[in-house]
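This report concerns only the one structure given below.
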Number of protein chains: 2
Amino acid sequence: MISKNQDIPTPEVCTANIAAVRDALYVLNGKWKLPLIVTLLNGAKRFKEIQRSLNEITPKVLSKELKELELNGFLERKVFNTFPVSITYELTPYSESLDEVIESLRSWGEQHRKHLVKGRRLESVLQDH
Amino acid sequence: MISKNQDIPTPEVCTANIAAVRDALYVLNGKWKLPLIVTLLNGAKRFKEIQRSLNEITPKVLSKELKELELNGFLERKVFNTFPVSITYELTPYSESLDEVIESLRSWGEQHRKHLVKGRRLESVLQDH
DNA sequence: CAGTATCCCTCCGGATACTG
DNA sequence: CAGTATCCGGAGGGATACTG
């Protein structure tokens with residue numbers, strides 16, 4: 001999509017491309033999506049387990065985030081007919097399709113932070129973590 | 001970073017990785033960053049020109065977005081001592097470092113939308129554009 | 001033209017309490 | 001345990017008006 005002064009796509013294509021990028025950003029957006037995915041990397045977890053591993057995310061927010069990730073096909077909610085019922089969440093194979101995107105974001109983000117540090121304007125630009 | 005059941009990084013590394021991803025997301029976030037970058041791809045533009053090309057973004061918001069992009073080193077603000085003064089904004093060489101990230105977001109976003117359409121749950125997951 | 005100043009509204013996410 | 005219900009504050013962004 002990006003290409004300075006050469007083979008600029010038509011406006012329609014360009015809009016579609018922006019939309020695609022926004023879709024991707026949208027899906028990973030918010031405070032908890034990444035931590036949530038990461039915490040499920042080493043296997044299925046239950047609601048309360050996830051909550052504990054994520055430095056006390058509130059149940060309302062956790063519930064919402066899990067639903068979104070499930071709708072996106074990144075994780076599966078499994079119900080076990082024990083008593084009381086137990087429920088687990090685990091990453092789907094499809095979630096692996098995120099690997100490349102996340103890795104490219106990660107490496108660019110890392111590089112960019114260094115770039116800003118060199119220019120000494122880190123604070124004015126990026127958030128604290 | 002993502003790697004199911006194998007070579008899980010230490011918690012510290014993992015946190016740093018998440019931070020890097022968040023940095024990258026942060027920089028591209030918001031309604032106007034991408035359209036703004038795209039509109040500057042075919043050359044320097046003045047404030048009012050940008051405003052017109054971006055379906056009437058308000059001046060306050062445009063001003064803020066331009067400042068952020070400038071602080072990130074993606075564009076340069078040039079002042080010309082004409083009368084009245086004219087000012088242009090143009091992408092820097094550093095902005096090209098975004099190409100890969102954006103392309104990977106674009107292609108994943110495109111693929112993901114198709115994936116959702118197949119599963120018929122597009123509406124519940126992605127935004128309209 | 002190139003912005004700044006004010007006001008306003010919505011939505012995200014947090015706090016807290018409660019239910020099957 | 002696995003969530004839902006309610007209330008709430010702050011940030012992002014829009015509308016409108018004004019300035020050098």
Side-chain angles (χ1 to χ4, degrees), chain A residues 18 22-23 25-37 39-40 44-72 75-90 123-129, chain B residues 18 22-23 25-37 39-40 43-72 75-90 124-129:
Chain A
I18 291 182
R22 298 182 81 77
D23 285 348
L25 290 173
Y26 182 72
V27 153
L28 294 175
N29 226 354
K31 190 168 172 180
W32 298 107
K33 296 279 171 3
L34 270 333
L36 216 28
I37 292 174
T39 199
L40 289 176
K45 281 200 177 72
R46 306 175 61 170
F47 194 90
K48 202 68 179 179
E49 287 181 289
I50 301 177
Q51 205 181 340
R52 270 189 295 263
S53 74
L54 259 64
N55 211 26
E56 299 309 312
I57 181 176
T58 64
K60 183 189 96 175
V61 174
L62 178 53
S63 172
K64 200 204 65 183
E65 300 285 302
L66 288 172
K67 273 175 191 152
E68 289 177 23
L69 291 174
E70 194 187 352
L71 279 169
N72 274 302
L75 53 80
E76 192 181 354
R77 181 178 186 271
K78 287 185 176 167
V79 184
F80 298 94
N81 285 327
T82 53
F83 182 79
V85 212
S86 78
I87 292 171
T88 68
Y89 295 88
E90 67 180 305
E123 328 65 35
S124 36
V125 183
L126 294 180
Q127 306 282 66
D128 286 347
H129 291 293
Chain B
I18 291 182
R22 297 182 81 77
D23 286 348
L25 290 173
Y26 182 71
V27 152
L28 294 175
N29 228 352
K31 192 169 171 180
W32 298 106
K33 295 280 171 0
L34 269 334
L36 217 29
I37 292 174
T39 201
L40 289 177
K45 281 200 176 72
R46 305 175 62 170
F47 194 88
K48 201 68 178 180
E49 288 182 287
I50 301 177
Q51 206 182 341
R52 270 189 295 264
S53 74
L54 259 63
N55 211 27
E56 298 310 310
I57 182 177
T58 64
K60 182 189 99 177
V61 175
L62 177 54
S63 172
K64 200 204 65 185
E65 299 286 303
L66 288 172
K67 273 176 190 150
E68 290 178 23
L69 291 174
E70 194 188 352
L71 278 170
N72 274 303
L75 53 81
E76 192 183 351
R77 183 178 184 272
K78 289 185 175 167
V79 183
F80 298 93
N81 286 326
T82 53
F83 183 78
V85 214
S86 78
I87 292 170
T88 67
Y89 296 88
E90 66 179 307
S124 35
V125 182
L126 295 180
Q127 307 282 66
D128 286 347
H129 291 294

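Sequence lines set the chain letters: A, B, ... in the order given, protein chains first and strands last, and positions in each chain run from 1.
The side chain of Thr58(A) lies closest to dA15(C) when the candidates are dA2(C), dT4(D), dA15(C). For Phe47(A), the side-chain atoms get nearest to dG3(D) when compared with the rest of dT4(D), dA2(C), dG3(D). Closest contact between the side chain of Lys48(B) and the listed nucleotides dA2(D), dG3(C), dC1(C) involves dC1(C). Out of dA2(C), dG13(C), dG3(D), the shortest distance to the side chain of Lys31(A) is found at dG13(C).
Of the side-chain N and O atoms in Lys60(B), none sit less than 4.0 angstrom from OP1 or OP2 of dG3(C). Taking 4.0 angstrom as the limit, Arg52(A) places none of its side-chain polar atoms (N or O) nearer than this to OP1 or OP2 of dA2(D). OP1 or OP2 of dG3(C) lies within a sub-4.0 Å distance of a side-chain N or O belonging to Tyr89(B). Taking side-chain N and O atoms only, Arg46(A) has no distance below 4.0 Å to OP1 or OP2 of dC1(D). In this structure, Ser86(A) does not reach the dA2(D) phosphate: none of its side-chain N or O atoms is under 4.0 Å from OP1 or OP2. The phosphate of dT4(D) has OP1 or OP2 within less than 4.0 Å of a side-chain N or O from Lys67(A).
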Determine, step by step, whether Glu68(B) and Lys33(B) satisfy the salt bridge (charged side-chain N to carboxylate O under 4.0 Å, His left out) criterion, reporting the C-alpha distance in whole Å, the side-chain angles of both residues, the deciding distance to 0.1 Å, and the verdict. CA-CA 9 Å; Glu68(B) 290 178 23; Lys33(B) 295 280 171 0; 2.8 Å; yes
Test log, rule side chain to side chain contact (heavy atoms under 4.5 Å, CB included), inputs Ile50(A) and Leu66(A): CA-CA 10 Å; Ile50(A) 301 177; Leu66(A) 288 172; 4.2 Å; yes
Apply the test side chain to side chain contact (heavy atoms under 4.5 Å, CB included) to residues Val27(A) and Leu126(B): give CA-CA distance (whole Å), side-chain angles for both, the deciding distance (0.1 Å), then the verdict. CA-CA 8 Å; Val27(A) 153; Leu126(B) 295 180; 4.0 Å; yes
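Rounded to an integer number of Å, the gap from CD of Glu49(A) to C1' of dC1(D) is 11 Å. Atom CG of Leu62(B) is separated from atom P of dG3(C) by 8 Å (rounded to the nearest Å). Rounded to whole Å, the distance from CD on Glu56(B) to P on dG13(D) is 18 Å. Nucleotide dG13(C) holds its P atom 12 Å from the CG atom of Leu36(A), rounded to whole Å. Distance, Ile87(B) CD1 to dG20(D) P: 16 Å, rounded to whole Å.
Among the atoms of the strands shown, base atoms are found under 4.0 Å from some heavy atom of Pro59(B). Residue Phe83(B) is out of contact with every strand shown, counting any heavy-atom pair closer than 4.0 Å.
Once rounded to the nearest 0.5 Å, the distance linking CZ of Arg52(B) with OG1 of Thr39(B) reads 11.5 Å. To the nearest 0.5 angstrom, Thr58(B) atom OG1 is 9.5 Å from Glu65(B) atom CD.
Base pairing in DNA chain C gives the following stems of 3 or more Watson-Crick or G-U pairs, range against range and under 3.5 Å: C:1-20 with D:1-20.
Contact annotation: the side chain of Ile37(B) never approaches that of Leu75(B) to less than 4.5 Å [non-hydrogen atoms, C-beta and beyond]. Residues Leu25(B) and Leu34(A) have side chains in contact (heavy-atom distance under 4.5 Å, counting atoms from C-beta outward).
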